[in-house]
Amino acid sequence: MGDEIRRNMALFPIGIVMKLTDLTARQIRYYEQHGLVMPARTSGNQRLFSFNDVERLLEIKSLIEKGVNIAGIKQVMNPVSKESEEATVITPQTESKRRELTDLQLHRLLKQQLLERRPGRTSLIQGQLSRFYNNKP
DNA sequence: ATTCTAACA
DNA sequence: TGTTAGTA
C-alpha cells in the first residue's frame, strides 16, 4: 500500500491549506497546538501539510461548525501520530467503518452532553448545538 | 512575499 | 478567534 506514503507526504505550506480549508492560519495553528493535526516542518520550521492533514482539518472544520469544541473533537476523532498513520493499513472497508463509528460517537456524544449536563464537567458542545434538539431558529 | 511565535488597546 | 509585532 504505497498510496499512504503519498497521502502522508508533506507538501503544502499553511497558505495553501488556508485556501483549501477556508480556515484561518490562527485556527490551523491552534488545532495543531491541541494535537488535532501534526504537520511536518521544514528545516526552517515552517509547517508542511499532507493530504491527510488537510482532510483532517476539513473534518475538524465540519465538527466545529456542528458546535463541537476541541475537547469534543479530541474524543470523536481518531488520534494522529506519525507512527500509527504510517503503520495502520486503511482499506476502503476500515475507512468507511471509521467514519460510521465517528458519526455514531458524535451523535452519542451530543445526546450524552445534552442529557447528563452535570455541573462541574465542562461542556464539549459550544452552545449553539442545542438548537438541533431544542428550540428551533 | 510568507510564515512563525507570542501576546493583547 | 482576531490581530499585530518583530523575526527567520
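Here the structure is a predicted model, which means the values were calculated and not measured.
Contact check of residues 28-46 of chain A against DNA chain C (heavy atom, cut-off under 4.0 Å) returns A:Tyr31.
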Practice task
In sequence, state the C-alpha distance, the side-chain angles, and the governing distance for A:Leu63 and A:Met77, and then conclude on side-chain contact (heavy atoms from CB on, under 4.5 Å).
Solution key: CA-CA 10 Å; A:Leu63 290 170; A:Met77 281 186 76; 3.8 Å; yes
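Scored by the side-chain contact (heavy atoms from CB on, under 4.5 Å) test, A:Asp103 finds no partners at all (sequence neighbours excluded). Partners of A:Tyr31 under the ring-ring contact (aromatic ring centres under 6.0 Å, His included) rule, at least two apart in sequence or in another chain, do not exist in this structure. Partners of A:Arg99 according to the salt bridge (Lys or Arg N to Asp or Glu O under 4.0 Å) rule, which considers only residues two or more places apart in sequence or in another chain, are A:Glu59. Under the rule for a side-chain contact (heavy atoms from CB on, under 4.5 Å), the partners of A:Gln46 that lie at least two apart in sequence or sit in another chain are A:Thr42. Under the rule for a side chain to side chain donor-acceptor pair (under 3.5 Å), the partners of A:Thr24 that lie at least two apart in sequence or sit in another chain are A:Gln27. With sequence neighbours excluded, no residue forms a salt bridge (Lys or Arg N to Asp or Glu O under 4.0 Å) with A:Arg108.
The stretch residues 33-52 of chain A participates, sequence neighbours left out, in these salt bridge (charged side-chain N to carboxylate O under 4.0 Å, His left out) pairs: A:Glu32-A:Arg41, A:Glu32-A:Arg47. Residue pairs that meet the salt bridge (charged side-chain N to carboxylate O under 4.0 Å, His left out) test with at least one member in residues 9-22 of chain A, sequence neighbours left out, do not exist here. Sorted pairs that involve residues 54-79 of chain A and meet ring-ring contact (aromatic ring centres under 6.0 Å, His included), not counting sequence neighbours, are lacking altogether.
In this model, the phosphate group of B:dA6 is not approached by any side-chain N or O of A:Arg26 to a distance below 4.0 Å at OP1 or OP2. A sub-4.0 Å separation between OP1 or OP2 of B:dC4 and a side-chain N or O of A:Arg47 is present.
From the 5' end on, the contacts that DNA chain C makes with chain A at under 4.0 Å to a non-hydrogen atom open and close at C:dT1 to C:dT3.
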Handout entry: Paired and unpaired positions of DNA chain C as dot-bracket, Watson-Crick or G-U wobble under 3.5 Å, | denoting a partner strand
Key = .|||||.|
